[in-house]
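No experiment lies behind these values; they were computed from the predicted model shown. So you know, we letter chains A, B, ... as the sequences are listed, proteins then strands, and number each from 1. Only this structure's heavy atoms are used, side chains among them; waters, hydrogens and symmetry mates stay out.
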Amino acid sequence: RFSAVFIFSPKQAEVEETLKRIQTHKGVIGTIVVNAEGIPIRTTLDNSTTVQYAGLLHQLTMKARSTVRDLDPQNDLTFLRIRSKKHEIMVAPDKEYLLIVIQNPSE
Amino acid sequence: MEIVHVYTKRRNEFGRQCNFSDRPAELHVDILPDPSLASNFIERDPCDVPIQCTQEMSEHEVNTERFESDTRGINHVEGGWPKDVNPQEMEQTIRFRKKVEKDEHYSSTIMQLGSNMEHCIKQNNAINIYQEYFEEEEEELVEESEEQPSAKTINVFRDPNEIKRTATCLSWHPDGSCKLAVAYSSLGFQNISPDMSYDSYIWDIENPNKPEMTLKPVSLLVCLEYNPKDSHILVGGSYNGQIAYWDTRKGSQPVEMSTIEHSHRDPVYKVIWLQSKTGTDTFSASTDGQVLWWDIRKMSEPTERLVLDPNKKGNLDNALGAISLEFETTMPTKFMVGTEQGLVVSCNRKAKTPAEKIVCTYSGHHGPIYALQRNPFFPKNFLTVADWTARIWSEDIKESSIMWTKYHMAYLSDGCWSPVRPSVFFTVKMDGTLDVWDFLFKQNDPTLSLKVCDEALYSLRVQDNGRFLACGSQLGTATLLEISPGLCTLQRNEKALATAMFERETKREKILEARHREMRLKERSRSEQSKDEDTKEGDGEESVEELATRTEAEFYEIVEAELKKRAKEQEKKVRRD
């Protein structure tokens, strides 16, 4: 798995800390970082689930972004939240990367 | 006004090249304005003209043919890796990932995205925006709301064969009711063509396109039942009188069939599983007048047999043909048989002699009894569906039913109680309508009458939760309907009200029965007296005409006697005054 990472710069240490903090929040089930090609860079879930989430959410985010921009070309997608019966999937998009967090909200 | 210009061409000139020639313009028609025509019109001033400056749109509807959808899963395989990285190799992928993580841009992006994300996560943790605040109150409101009873078609399962057969019997899967077994046969006399398929199907209710499993009997199946104890076993009664049982794990062919010599001689109209330790006992009924008991482990001959002879002599020639059976697991020693002649015969299994087996009969119907079922909440009362009415009986009253529906325009073909509400039952008719009756609410008409299809409906089965029901039609179409919650949730006082209603009607019938008995006794004593008189006159035999004249004379005698009595009373009254 990807737990062993060599920290070469203070920036990377911050990134580590951020991701760890996100993962330890209440109700968070998993965190995934995906790049523009849909390749999962960092994940806390198992491989098959990660690959599924990465592929599907990447496409969905692209579609959501294009929808927002079609409606108003000066607008852009900042955040995507998908609430389902079992949990909430939150996607923070960027031009090159996607940060995906799956959380089970407070019941 | 038609403007016509005629030009001619000789036949031998056809096909020749065109020689165009030029000539000056010619005026062919000149239509000058004719002011007299204006008198046909009235000038309108002002004139309202609407103008809209928007995009022009047109609306078009298209209804596509029914399409078959299939659900499949995709196994997502990793992709998107650059060419030099082999996704199977752990080392290469790890190296790639580390490279990406070292990128400056990556770090700054993740920091920024991370802060956004944290904000939302904290939001979620702070308050659950979808929390139901008024859940309990909403439920109460729903109960009291007077919603219209309704039923909705959910799915329609059509007979996939070219030649359609009637769906004569339906049986729900015992666990979870996600499957429906439908028996197809043709009940018309000698209506079976050589191309007709003998198959019956088990349908998954989610998939109406293709049956989940096919059952291939030797002859058309008239009835089919799942074993309530073992959901893989089904027993079926066929048109040629044989009984067969299937195990869905073992395939489409029956596991075993009863031998022809010991089976029924007529189509088996109903087969029911019995309550027993082994869970392998069934009994079947047919119009040949026999009720046979079988143990499916040994189908070579029936374990027991009963001949429905009303004279209790076991004479097969006198026997009544059986069309329906009834058995309640709460009363394992008793069972009832509905006959073609319109009688319901109540029997006792544990009787020692065959004569004692038939306990009593209930008469009152004019035609074959297609459905017979005890009320699941009040086993002393049972429902029969025959001819043009549905009747509710009490076990104690043998002369007539305690409650009945009006005579309908179409023949009733099947019916059953709702398993969740004691006063609700369903019936289907030959004109394709399904009626839902709620006897506590309305007794003259069905609470809900729904036209399911254009052809006749032959069978009906309610699922154990009372919410879904399936009905089978003449063309083999089984329709799955969902009824509104009002008709399948137990109302507050329902049991008490239903008990009171049944008791009241039973009492009324008892009183009527007692009165009839009294009247009959009087008649008998009177006829005994007149018999003595008759023997003095001549022989007892008289032709119809003589009987008619005698009856007429008697009638006029009675009328005259009555008139004289009234005249006497009038006189007495006048004299008193």
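A donor atom on one side chain and an acceptor atom on the other are found under 3.5 Å apart for Asp46(A) and Ser48(A).
For Arg81(A), the salt bridge (charged side-chain N to carboxylate O under 4.0 Å, His left out) partners two or more places apart in sequence, or in a different chain, are Glu88(A). Residues satisfying the ring pair (Phe, Tyr, Trp, His ring centres under 6.0 Å) criterion with Tyr106(B), sequence neighbours excluded, are Tyr97(A).
For chain B, the nearby part of Val91(A) is the backbone; its heavy atoms alone come within less than 4.5 Å. With a 4.5 Å cut-off on non-hydrogen atoms, Ser107(B) touches chain A through its backbone and its side chain both. At a 4.5 Å heavy-atom cutoff, Glu17(A) makes no contact with chain B through either its backbone or its side chain. Looking at Val101(A), the atoms closer than 4.5 Å to chain B (heavy atoms on both sides) sit in the backbone and in the side chain alike.
For the pair Arg21(A) and Glu14(A), the salt-bridge criterion is not met [side-chain N within less than 4.0 Å of a carboxylate O].
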